[in-house]
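Working notes for the structure below.
Side-chain atoms are counted along with the backbone in the values below, which use heavy atoms only and exclude waters and symmetry mates.
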Amino acid sequence: MNDFEQNSGLFRDGEIATRQRKYEYFRGMYYEGVQKLDSAEYHYRKVLRYGYSFEGYKGLLSVYSTRGLVDSVRKYAPLYLQSVDEANAKLRTDAVLNICSLYLPDFYLEIRDAYGLSPLELQTTLLLCLGISNADMLYILGKSSQHITNTKKSANQKIFNDGKASSLRRNLMQKLGCF
């Protein structure tokens with residue numbers, strides 16, 4: 001590992017290049033594997049500071065489980081589960097955007113660029129265009145029913161100057177020429 005870090009060109013003054021910061025997770029795994037748990041914990045905390053919550057919480061949970069620190073396991077288990085949920089939601093969202101860009105390319109580009117929609121408004125709008133039910137939308141987006149309703153209202157206002165959540169699907173279908 002030292003040879004790689006010295007000769008890879010990815011490190012300057014002991015710090016890793018910005019685009020490669022996830023490597024800290026692998027450093028933590030290495031140290032955990034050779035039973036240097038203090039070093040492993042240090043690198044897992046570092047990866048958390050870089051914004052990799054899934055990897056950081058997973059590593060810390062593993063270290064604290066190995067040490068038998070029940071209070072820390074209680075603290076980090078829910079954080080790890082939350083990071084898993086967030087990672088799954090991002091994967092689902094990315095899949096929806098990819099599907100929409102394939103099946104509705106012109107419309108996707110138009111609403112993405114012309115109306116100033118937030119990422120959640122864009123996702124909600126595209127899910128409606130695909131005929132996704134409200135119940136499925138709650139699961140895919142990982143938001144509450146009220147949050148989805150407010151997002152629909154906002155998107156409908158921006159695109160059609162109509163602030164009603166209930167009419168967004170109909171307005172979109174008319175715009176696409178489905179009605």
Side-chain angles (χ1 to χ4, degrees), residues 1-2 4-5 8 10-102 108 111-112 116-130 132-155:
M1 193 156 83
N2 287 335
F4 169 74
E5 291 175 7
S8 68
L10 297 176
F11 294 83
R12 293 207 176 136
D13 301 323
E15 288 297 317
I16 194 162
T18 303
R19 294 184 332 178
Q20 306 298 329
R21 287 182 171 171
K22 195 172 184 178
Y23 178 70
E24 294 294 342
Y25 173 67
F26 300 109
R27 276 178 153 172
M29 288 176 56
Y30 168 77
Y31 286 117
E32 188 177 354
V34 297
Q35 296 301 305
K36 293 185 177 183
L37 298 180
D38 288 340
S39 294
E41 181 180 351
Y42 169 79
H43 289 288
Y44 291 143
R45 288 189 181 283
K46 202 168 184 181
V47 82
L48 271 175
R49 284 195 308 268
Y50 292 147
Y52 295 100
S53 59
F54 174 79
E55 293 82 359
Y57 291 135
K58 180 180 180 182
L60 289 172
L61 183 59
S62 178
V63 166
Y64 294 137
S65 294
T66 302
R67 287 180 174 163
L69 299 174
V70 177
D71 288 344
S72 295
V73 169
R74 277 194 204 129
K75 176 182 177 181
Y76 285 98
L79 293 171
Y80 173 61
L81 290 175
Q82 179 182 352
S83 71
V84 168
D85 290 343
E86 289 169 0
N88 283 333
K90 181 173 179 1
L91 288 173
R92 289 189 305 260
T93 298
D94 290 347
V96 166
L97 294 177
N98 288 337
I99 288 169
C100 289
S101 65
L102 288 172
Y108 169 78
I111 64 169
R112 185 194 69 191
L117 299 178
S118 71
L120 183 60
E121 290 168 338
L122 176 63
Q123 294 159 11
T124 303
T125 301
L126 294 173
L127 287 170
L128 284 170
C129 290
L130 293 173
I132 303 296
S133 71
N134 286 337
D136 290 336
M137 197 177 303
L138 297 175
Y139 170 75
I140 291 169
L141 297 175
K143 302 292 182 188
S144 70
S145 178
Q146 186 61 51
H147 197 123
I148 296 297
T149 298
N150 291 341
T151 302
K152 286 179 184 179
K153 286 178 187 177
S154 176

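Distance alone, capped at 3.5 Å, is enough to place a donor-acceptor pair between the Thr149 side chain and the Ser145 backbone. At distances below 3.5 Å, at least one donor-acceptor pair connects side-chain atoms of Tyr44 with backbone N or O atoms of Met29. Between the Ser154 side chain and the Asn150 main chain, no donor and acceptor come within less than 3.5 Å of each other.
The OG1 atom of Thr125 sits 5.0 Å away from atom CD1 of Ile111, with the distance rounded to the nearest 0.5 Å. To the nearest 0.5 Å, the span separating CG on Leu60 from CG on Leu69 amounts to 11.5 Å. Distance check: Tyr80 OH to Asp85 CG gives 10.5 Å after rounding to the nearest 0.5 Å. Taken from OG in Ser62 to CZ in Arg67, the straight-line distance is 10.5 Å, to the nearest 0.5 Å. The structure places NZ of Lys36 at 15.0 Å from OH of Tyr42, a figure rounded to the nearest 0.5 Å. Taking CD of Gln123 as the start and CG of Leu128 as the end, the distance is 12.0 Å to the nearest 0.5 Å.
The nearest pair of heavy atoms linking Asn134 to Lys152 is OD1-NZ, 2.5 Å. Contact detail for Ile148 and Lys143: the closest heavy-atom pair is CD1-CB, 3.8 Å. Taking all atoms of both residues into account, the shortest heavy-atom contact from Tyr64 to Glu41 is OH-OE2, 2.6 Å. Nearest heavy-atom pair, Val63 versus Glu32, reported as atom, atom and distance to 0.1 Å: N-OE2, 3.9 Å. Nearest heavy atom pair, residue Ala40 against residue Gly28, reads CB-O, 3.3 Å.
Taking 4.0 Å as the cut-off between side-chain N and carboxylate O, Arg27 and Glu24 count as a salt-bridged pair.
Between Tyr31 and His43, the angle of the ring planes stays under 30°, which puts this pair in the parallel group of the 30/60° scheme.
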Practice prompt. Any chance you could lay out the side-chain contact (heavy atoms from CB on, under 4.5 Å) test for Leu141 and His147, step after step, and finish with the verdict?
Written response: CA-CA 10 Å; Leu141 297 175; His147 197 123; over 6 Å; no
Fill in: Full working for side-chain contact (heavy atoms from CB on, under 4.5 Å) between Leu138 and Ser144
CA-CA 6 Å; Leu138 297 175; Ser144 70; 5.9 Å; no
